Novice: 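Here it is, the structure in full.
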Amino acid sequence: MTWCCLNGTIMPIEQAAISPMDRGFLFGDGVYEVMARVDGRVRAKSLHKARLQSSLDAIGLPVSVDDVFTDVDRLTEKAGLWDAKIYLQVTRGVVSARDHAFPSKISPTVFLTISEFAVVSQKPVTAIVRPDIRWRRNSIKSVSLLGNVLLMQEARDSGAHEAILHRDNLVTEASTSNVFVIRRQSLITPPLSDLILPGITRHLVIELASTIGLDVIEEPIRVDSLPDAHGVFVSSSTRGLMPIVQLDPGGQVGDGQLTQAFMELQAAYDERLHHHE
Ligand code: PLP
């Protein structure tokens with residue numbers, strides 16, 4: 001059974017119902033988080049809390065993050081899943097009339113689900129490379145994901161696992177993950193900006209890289225430089241570090257093999273996953 005928590009009430013997902021006048025449904029007016037629970041602990045909980053706070057602030061939605069995370073604790077306890085994926089979203093709630101501007105009185109909708117899930121080491125995969133067609137505020141973890149949805153579908157239709165995105169010839173991120181390049185002993189990733197999500201996994205990878213002797217460089221990456229990198233990978237809470245060995249367009253990345261640096265980083269990440277607060 002999949003459990004959810006809707007506005008503080010825990011119930012089987014089949015019993016949950018929201019009004020079609022919810023602004024999340026009408027406008028995609030809301031924000032979300034996806035978290036991995038590993039060995040009975042929500043991984044990097046404080047980082048997820050901070051990011052949710054910053055997304056809520058960015059869209060002017062006053063909701064107590066501590067209260068939302070109290071619901072996360074109640075739901076995880078109810079579900080009793082040791083390894084799980086937790087999805088949470090907060091929208092600007094139900095309105096009586098459809099109007100783009102915020103309603104004067106807001107009663108947010110807080111929705112959480114938990115399902116069985118284990119983070120596993122990812123096999124090398126192919127990515128398509130496409131212009132970033134999304135809006136320019138991607139640091140907000142918004143539920144308005146149509147651009148990401150279309151790009152991921154294009155990847156799937158091409159037999160690929162991700163879509164790496166670029167704007168003005170510079171890599172931004174991927175449709176559901178952040179992008180990293182390995183060149184010898186350097187780990188390069190685009191700097192944080194409005195154009196990319198500050199990924200929690202990105203944060204952890206940067207912390208870990210120096211512990212295994214990699215130089216971390218946060219600088220713009222030209223999209224046409226990807227194929228001659230020694231390695232390319234993407235990162236996210238649900239997939240960890242996923243190596244990309246083939247690009248379309250672009251062809252093979254480096255010699256098409258996983259680098260020693262990547263394998264060490266992935267091992268360090270797997271280890272950290274089980275010990276991070
Ligand atoms: N970038 C985008 C567009 C994402 O959707 C995600 C995760 O869903 C990420 C990056 C990675 O973020 P995190 O590491 O916090 O899962």
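Order of listing sets the numbers, starting from 1, for every ligand and every atom in it. Everything numeric here is computed off the predicted structure, so don't read it as measured data.
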Novice: Kindly say whether S121 contributes a backbone atom to a donor-acceptor pair with the side chain of R239 at under 3.5 angstrom?
Specialist: no
Novice: To which of M152, R51, R202 does the heavy atom nearest atom 15 (O) of ligand 1 belong?
Specialist: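 Among M152, R51, R202, the closest heavy atom to atom 15 (O) of ligand 1 comes from R51.
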Novice: Check whether any N or O atom of I200, backbone or side chain, sits under 3.5 Å from an N or O atom of ligand 1, and answer yes or no.
Specialist: yes
Novice: Decide yes or no for F69 and L52: does some side-chain heavy atom of the first lie under 4.5 Å from some side-chain heavy atom of the second?
Specialist: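 The answer is yes, as the side chains (C-beta and beyond) meet within the 4.5 Å cut-off.
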Novice: Does D83 reach the side chain of D39, with side-chain heavy atoms less than 4.5 Å apart?
Specialist: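 A side-chain contact under 4.5 Å exists here.
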Novice: Run the numbers for me: atoms of ligand 1, each under 4.0 Å from some heavy atom of A174, listed by number.
Specialist: 3 (C)
Novice: Would you mind checking which non-hydrogen protein atom is closest to atom 8 (O) of ligand 1, with the distance to 0.1 Å?
Specialist: K141 NZ, 3.3 Å
Novice: To the nearest 0.5 Å, how far apart are CD in E264 and CG in L208?
Specialist: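 One gets 12.0 Å once the value is rounded to the nearest 0.5 Å.
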Novice: Report yes or no: is the cationic atom of R92 (NZ for Lys, CZ for Arg) closer than 6.0 Å to the six-membered ring centre of F27, at no more than 45° off its axis?
Specialist: no
Novice: Heavy atoms only: give me the nearest D248-R130 pair and the separation to one decimal.
Specialist: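 That would be O-NH1, 3.1 Å.
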Novice: What atoms in ligand 1 come closer than 4.0 Å to a heavy atom of S235?
Specialist: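 It comes down to these atoms of ligand 1: 11 (C).
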Novice: Which one holds for S237 and ligand 1: side chain close, backbone close, both close, or neither close, with close meaning a heavy atom under 4.0 Å?
Specialist: both
Novice: Report the nearest protein non-hydrogen atom to atom 5 (O) of ligand 1: residue, atom name, distance rounded to 0.1 Å.
Specialist: T176 CA, 3.5 Å
Novice: Would you say the side chains of S237 and R43 form a donor-acceptor pair under 3.5 Å?
Specialist: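 Note: S237 and R43 side chains meet the donor-acceptor criterion.
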Novice: With heavy-atom distances below 4.0 Å as the criterion, list the atoms of ligand 1 near E173.
Specialist: 1 (N), 2 (C), 3 (C), 10 (C)
Novice: Within ligand 1, which atoms have a heavy atom of G199 less than 4.0 Å away?
Specialist: 12 (O), 13 (P), 14 (O), 15 (O)
Novice: Using a heavy-atom cut-off of under 4.0 Å, does the side chain or the backbone of N148 touch ligand 1, or both, or neither?
Specialist: side chain
Novice: Check ligand 1 against S236 and write out every atom of the ligand that is under 4.0 Å from a heavy-atom position of the residue.
Specialist: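 Heavy-atom distances to S236 below 4.0 Å select 11 (C), 14 (O), 16 (O).
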Novice: Is it the case that the side chains of Q89 and Y87 hold a donor-acceptor pair, with the cut-off being a distance below 3.5 Å and no angle test?
Specialist: yes
Novice: Would a 4.5 Å heavy-atom cut-off, applied to side chains only, mark I86 and T76 as touching?
Specialist: yes
Novice: Any idea which atoms of ligand 1 are less than 4.0 Å away from a heavy-atom of T201?
Specialist: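 This gives 13 (P), 14 (O) as the contact atoms.
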Novice: Examine the proximity of ligand 1 to N178 and report which part, side chain or backbone, both or neither, has a heavy atom under 4.0 Å away.
Specialist: both
